[in-house]
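Below is one structure, written out as structure tokens, with a few remarks after it.
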2 protein chains.
Amino acid sequence: MTNIRDLAREANVSVTTVSRVLNDHPYVANEKRQAVREAIEKLGYIRNQTAVHLSTGMTKTVGVMLPFVDHPYHAAILQGIAQAAFDASYRFLTWQTNYVETHEQLALDALAQQEIDALIVVSHSLPLSAILSYEQYGPIVFCEHHEDVAAVYIDHYTAFQQGLAHLRQQGHTSIGICLGRPDSTNSLARKHAYQEVVRDEFVYEQTLTIEDGATVARRWMQQKQRPTAILTASDHVAAGLILELRKQGYQVPGDLSVIGFDGSELAEVLAMTTIAIPYATIGRHAFQLTVREDLVARPQIEVPSTFIAGTTVLPHT
Amino acid sequence: MTNIRDLAREANVSVTTVSRVLNDHPYVANEKRQAVREAIEKLGYIRNQTAVHLSTGMTKTVGVMLPFVDHPYHAAILQGIAQAAFDASYRFLTWQTNYVETHEQLALDALAQQEIDALIVVSHSLPLSAILSYEQYGPIVFCEHHEDVAAVYIDHYTAFQQGLAHLRQQGHTSIGICLGRPDSTNSLARKHAYQEVVRDEFVYEQTLTIEDGATVARRWMQQKQRPTAILTASDHVAAGLILELRKQGYQVPGDLSVIGFDGSELAEVLAMTTIAIPYATIGRHAFQLTVREDLVARPQIEVPSTFIAGTTVLPHT
DNA sequence: TTGTACGCGTTATCAT
DNA sequence: ATGATAACGCGTACAA
């Protein structure tokens, strides 16, 4: 591998001059600049990024800690990050954690070891305090709401309120909800919105997948007291719920009104009533926060959710 | 930042000994090892990975060049890569290219600049030869079939043959196909399988999204000569096709039989007949190829596709 | 405008 | 078993 010293020798200049040419610095005579360019060409020189990183103390790389690379909404956030990082000439490393704490730890280690300049936490299992103790090593931005933390998030409380309000407008009073991981920040906010307005309690927890939605359907069918509408925590769960009910001969929305959450392709395909979340936007903002100068002030950005009227809700009669 | 020199001073040993302790090398007296450990603890030392990378000439990082982070099957490949890389204590950098050649180039540059040890090309626009000219800088593995290249791929020819055979068994003779990017390796293989057995030509090109599927539906409705069955290039296209037809009052599969491709959640939800591809497996194999010692032999791995009988095909009468 | 010399933090070589 | 020292390749005070 040829290095800048070789170039300097070839072009009859100092390594400093070579470095200046490489980085488009001013104060280089045109002929010397030319000489360096020719040397680069002749020797087939290619800059070693690792050396740049060591010398500058920066990697121009952000880390992303997220549970699953291939779950639609995590992937959508990742796509937003990818786009914003690209625009800023940054790269990103991804840690797929499966919500396993030891895996999450590896992303934190990378920050401490200066492998990444900043870390975006899309979702996590580790206690917040454990993560925040790594802020000394670099910026950490969350895609979930937490107090006193740099974050970009959607207000799940308000989003769920929108859904509940719609159902109540349609005359539903016996309303159920599906939650994902029961203790997550999101679930707590959703539950909060729910308990404020709903008398009967139909809470289905630990629902994450299409299959979980089908399970909810089976539980619903066996219940004596049934809600007439269910607000789910994701379009996936809603899809599983809807399709299982229809398979068993029930009508959706005739027998049960269902609202999804995410605004995914699934919702589009099933013409589902849902609450759309601009996940890519969350990712873009998250990246932009990592490079913001006033990050110490721990700015927070709330992105809006959008109620989408579909065909899976009917008025309750 | 405290470094190994500080540790050496604190523990009264040489930097070499410190390095040995750090890397669990033999030939270190227990008491010295202990002294170093204590110094690490006391000074709060954390290893700088960039320096390790520079010194070893490796980054333990692979690059992934792929068009879209959030398209389901690309994300599924990425998830396989993430998993295999994790198992091997590797990290991965992702370049989302949108099929833009200048973006793809950045991933190649990263390989040349030793920012990554190897590159996985999930899909690309650049000419193959342009990519292969970077093999001098490190291993390059493809997730598509090309001659004389390290690759893991599915045989689109055989996969499409399966679908066509099924339709013909069901009595269909007037069969259409949807293709994605018309000149991609995959499309050519698919077209090949198609033209071998089908008389009438109903080829719908440039179909990639759900919306494209709806467009195909509108074209189909306007045709005087119509195929009785369509083999699509993705579940997305099939979903758009099916839903638009149903919206317009046509029966699927009554008026048109449809076969998807991918085996995605969409297919599951619509109970679609489709051809399932183990995308995560492709990703895993791709990563494993990058670290294989006999990579110079340019090994190729073919992964099998699976025909999934659903409810979107009826016999032609 | 240019160059010298050193620092970045680690691993590897080679001698002892 | 241990250590001195030379890489690794680049950026940058500082001096000229």
Side-chain angles (χ1 to χ4, degrees), chain A residues 1-37 39-40 43-61 89 109-117 137-138, chain B residues 1-37 39-40 43-61 89 109-117 137-138:
Chain A
M1 287 292 92
T2 112
N3 57 30
I4 57 172
R5 242 181 311 270
D6 300 329
L7 290 183
R9 197 178 310 122
E10 178 72 26
N12 262 310
V13 297
S14 69
V15 292
T16 313
T17 300
V18 173
S19 179
R20 286 198 180 107
V21 173
L22 253 29
N23 295 289
D24 286 323
H25 283 184
Y27 302 127
V28 177
N30 275 332
E31 59 185 58
K32 298 219 173 194
R33 190 184 300 276
Q34 193 52 37
V36 171
R37 295 242 166 89
I40 290 174
L43 273 51
Y45 166 80
I46 296 179
R47 211 214 223 91
N48 180 317
Q49 278 300 338
T50 303
V52 175
H53 294 163
L54 178 61
S55 191
T56 60
M58 303 191 64
T59 58
K60 289 280 191 178
T61 303
S89 298
D109 291 342
L111 184 63
Q113 295 177 158
Q114 302 178 56
E115 205 168 344
I116 51 181
D117 294 343
Y137 303 113
Chain B
M1 285 295 91
T2 111
N3 58 29
I4 56 172
R5 242 179 309 271
D6 300 329
L7 290 182
R9 199 177 310 121
E10 177 72 28
N12 263 310
V13 297
S14 70
V15 294
T16 313
T17 300
V18 173
S19 179
R20 286 198 180 106
V21 173
L22 253 28
N23 295 290
D24 287 323
H25 284 183
Y27 302 128
V28 177
N30 276 331
E31 58 185 59
K32 299 220 173 196
R33 189 183 301 274
Q34 192 53 36
V36 171
R37 296 241 164 90
I40 290 175
L43 273 49
Y45 166 82
I46 296 179
R47 209 212 223 94
N48 181 316
Q49 279 299 338
T50 303
V52 175
H53 294 163
L54 177 61
S55 191
T56 59
M58 302 191 66
T59 58
K60 289 280 191 178
T61 304
S89 297
D109 292 342
L111 184 63
Q113 295 176 159
Q114 303 179 55
E115 205 169 342
I116 50 180
D117 294 343
Y137 302 114

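Quantities reported herein were computed from a predicted structural model and do not represent experimental measurements. First the proteins, then the strands, lettered A, B, ... as listed; each starts at 1.
Atom NE2 in A:H25 sits roughly 6 Å away from atom P in D:dT12 (whole-Å rounding). Atom CG of B:N48 and atom C1' of D:dC8 are 13 Å apart (whole Å). Atom CD1 of A:I46 and atom P of D:dC8 are 18 Å apart (whole Å).
In summary, contact between chain A and DNA chain C, defined as any nucleotide atom under 4.0 Å from a heavy atom of the protein, begins and ends at C:dT1 to C:dG9 in the 5' to 3' direction.
For B:M1, the side-chain contact (heavy atoms from CB on, under 4.5 Å) partners at least two apart in sequence or on another chain are A:Q114. For A:D109, the side-chain hydrogen bond (donor to acceptor under 3.5 Å, both in side chains) partners at least two apart in sequence or on another chain are A:Q105. Residues meeting the side-chain hydrogen bond (donor to acceptor under 3.5 Å, both in side chains) test with A:Q49, sequence neighbours left out: none. When the salt bridge (charged side-chain N to carboxylate O under 4.0 Å, His left out) test is applied to B:R5, no partner is found at least two apart in sequence or on another chain. Every residue two or more places apart in sequence or in another chain that forms a ring-ring contact (aromatic ring centres under 6.0 Å, His included) with B:Y137 is listed here: B:Y134. Annotation: side-chain hydrogen bond (donor to acceptor under 3.5 Å, both in side chains) contacts of A:T59 (sequence neighbours excluded): A:D117. Under the side-chain hydrogen bond (donor to acceptor under 3.5 Å, both in side chains) criterion, B:E10 pairs with B:K42, sequence neighbours left out.
Using a 4.5 Å cut-off on side-chain heavy atoms (C-beta onward), B:R9 and B:D6 make contact. Residues B:L43 and B:L7 meet the side-chain proximity criterion, which asks for heavy atoms closer than 4.5 Å.
Between the two ends of the helix from C:dT1-D:dA16 to C:dT16-D:dA1, each summarised by a five-pair axis, the helix axis turns through 30° (rounded to 10 degrees).
In the region residues 3-11 of chain A, proximity to DNA chain C at under 4.0 angstrom, judged on heavy atoms, holds for none of the residues. Of the residues in residues 13-23 of chain B, B:V13, B:S14, B:V15, B:T16, B:T17, B:R20 come within less than 4.0 Å of DNA chain D through at least one heavy atom, sorted by number.
When each of B:A29 and B:L54 is assigned the nucleotide of DNA chain D bearing its nearest heavy atom, the one mapping closer to the 5' terminus is B:A29.
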Practice prompt. Take A:R33 and A:V36, measure what side-chain contact (heavy atoms from CB on, under 4.5 Å) needs, and give me the verdict at the end.
Written response: CA-CA 5 Å; A:R33 190 184 300 276; A:V36 171; 5.9 Å; no
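Judged by distance alone, with hydrogens and angles left aside, the side-chain atoms of B:S55 form no donor-acceptor pair with the main-chain N or O of B:A51 at under 3.5 Å.
To the nearest 0.5 angstrom, A:E115 atom CD is 7.0 Å from B:T50 atom OG1.
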Table please: side-chain donor-acceptor pairs of residues 12-24 of chain B below 3.5 Å, with sequence neighbours left out.
residue: B:S14; atom: OG; partner: B:T16; partner atom: N; Å: 3.4
residue: B:S14; atom: OG; partner: B:T17; partner atom: N; Å: 3.3
residue: B:S14; atom: OG; partner: B:T17; partner atom: OG1; Å: 3.3
residue: B:S19; atom: OG; partner: B:N23; partner atom: ND2; Å: 3.4
residue: B:N23; atom: OD1; partner: B:R47; partner atom: NH2; Å: 2.8
residue: B:N23; atom: ND2; partner: B:S19; partner atom: O; Å: 2.8

